[in-house]
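Step one of this worksheet: look at the structure below.
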Amino acid sequence: MTGTIFLTTTLPYVNAAPHVGFALEAVQADVLARHHRRRGREVRLLTGTDDNSLKNLLAAEAAGLPVQEFVDRNAAAFEALREPLSLTFDDFIRTSTDPRHRAGVERLWRDCAADIYRSTYEGLYCVGCEHYLTDTTTCPDHEAPPQRVAEENWFFRLSRYAEPLREAITSGRLVIEPPARRNEVLALIDGGLRDFSISRSRERARGWGIEVPGDPGQVVYVWWDALGNYVTSLGYGTGGAAYEKWWGSGDGRRVHLAGKGVLRFHAVYWPALLLSAGLPLPTEILVHDYLTVDGRKISKSAGNGAEPADLAARYGTDALRWWLLREVPQTGDADFTVERLVARANEDLAGGAGNLVSRVVTLLGKLGGAVPGGEPLPVCAGVPSAVDSALAGFDFRRAAAGVWTIVEEANRYLEQTRPWELLRDGDTGAAGILGRLLATCRVLGRELEPFVPDLAAKISHQCTPAGGTLPPLRPVYPRLAVE
RNA sequence: GGGGCGGUAGCUCAGCCGGUCAGAGCAGAGGACUCAUAAUCCUUGGGUCGUGGGUUCGAGCCCCACCCGCCCUACCA
């Protein structure tokens, strides 16, 4: 089977605190990481922050803070998501401060030298978008007048890579999931790929960013910079065995998660750079759609996005993770509301799994004597493969639903066998039934681990005998109320 | 302007290559049970499948046009 799996999230730019939209991607990546680790594969999960965006600089100015201090503070907020979201990333890279990064970006630049040339660019540039506009009015996204810019820049010969990219995608060497996104990329390539500018003048970048090797007057385009993290974090450019192990050898899987808005950068620009540098391509790009909050588009700059750390503090990590995984469809945007978060948690986590554990443990308590053993219910046997196939297709909702069949079946089994009646009548059949249910709950605890790790641990603990008896019953998941 | 994706029961969504595909969950209604976190289990779903055409023996599922939402992208391909 495949050996290593290198998973990455995109690097959010840190012009503001993290919102649920990023939490979605982080949690998805974490579930994949946990899942594959459980299957015995060697996993490395990377996340981090894009500090070098000009947007960060502007946000810092607006906040009246020195840019480095500003990005330090926000980056810390992203890294601090580890606890509230129960993330298990193995590495966190920051593009402005990580010693691995700058050297790696420079190396990547040099390795692509054959495709880099100098030319003049003139056009209208939107600072908010970090790219040029052709319209003369205002940027529709930022409602700000673009700036007229004419300068010498470095360009990358993207036009040369249309065919190799198409081949990589159609051959399946580079998988883009879901298929609709793959088609979108193919259509994009069919539409023609133009060379693009990969540097900005130092003045326009306000000196913020990574200097172009050998050209102090230019700063590396922030996307080149940011995308590079996928290899610079592994020591590409600074040596170290990690790069060869996780990327350079071409073995194993190299999996990027990314939002639909940055598809082009991940599925076209980035592979082209790798091709140019003679490096292996990612094996998969998993594209998710967006979240809205209370029916409105999330806007970091407007600050109306729900904050994941805050949500986790209020409603718990499990509730947040479960909502993101169980409720967000693979295709199509999903609307986040606290009401939905709470409803889903109460319905599934409290009323479903939590209540199941309570009834099983309580009944076992009435049994007296030793904790009975038993085989898990038949439904358990099919769950691992159902989860495998759902996750292989990047379908978290289907995966979560697959695990949930255990809860449904167990509650139904309880209802059908009615062990409380047997206990009342002194029928010894109750022990066997409860033994099977207890074993089933333990399987549930195991299978739930990638999705809701905290709850999973509680279930496992509550259902595992220690010293011949079960731990005293403590509800594994109390009901929530909307605050 | 171009490309893409969505628009299916009150709500959130499944519906692979066209023929039990008109569905699930929640909400609502009725019932059962009492081991449990007013939880659980059973029964109950007549909604023009965005709109209008078309192809077909037969279309949410194919084609065309249009409307709405979102993503990307751009000037005359």
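Just so you know, these numbers come straight off a predicted model, no measurement behind them. To find a chain, count down the sequence lines: A is the first, B the second, and so on, and within it residues start at 1.
In summary, the aromatic rings of A:W224 and A:W109 are positioned with their centroids under 6.0 Å apart.
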Sort me out a list of protein N/O and nucleotides 1-6 of chain B N/O pairs below 3.5 Å, or just none if empty.
unit_1	atom_1	unit_2	atom_2	d
B:G4	O2'	A:E184	OE1	3.3

For nucleotides 42-44 of chain B, list the nitrogen or oxygen atoms of the protein found under 3.5 Å from its nitrogen or oxygen atoms, one pair per line.
unit_1	atom_1	unit_2	atom_2	d
B:C42	OP1	A:R412	NE	3.4

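No donor-acceptor contact under 3.5 Å links the side chain of A:N355 to the base of B:A39.
Base pairing annotation: B:G23 forms a Watson-Crick or G-U wobble pair with B:C13, both donor-acceptor distances under 3.5 Å.
Heavy atoms of A:V476 sit under 4.0 angstrom from at least one base atom.
Note: A:F196 and A:Y221 have perpendicular aromatic rings, judged against thresholds of 30 and 60 degrees for the angle between ring planes.
Judged by distance alone, the side chains of A:D115 and A:S276 do bring a donor and an acceptor atom under 3.5 Å apart. A:T10 and A:E25 share a side-chain donor-acceptor pair at under 3.5 Å. Defined by atom type and a distance below 3.5 Å, a donor-acceptor pair is present between the side-chain atoms of A:D195 and A:S159.
A salt bridge does not link A:K297 with A:D333: every distance from a Lys NZ or Arg NE/NH1/NH2 to an Asp or Glu carboxylate oxygen is 4.0 Å or more.
When each of B:C72, B:C70, B:C35 is scored by its nearest atom to the side-chain atoms of A:D333, the top-ranked nucleotide is B:C70. Set against B:C35, B:A39, B:A14, the side chain of A:W420 has B:C35 as its closest nucleotide. For A:E421, the listed nucleotide lying nearest its side chain is B:U34; candidates were B:C70, B:U34, B:A39.
Side chain of A:D50 to backbone of A:L11: no donor-acceptor contact under 3.5 angstrom is found.
Geometric assessment of A:K260 against the ring of A:Y290 yields a positive cation-pi assignment under the 6.0 Å and 45° thresholds.
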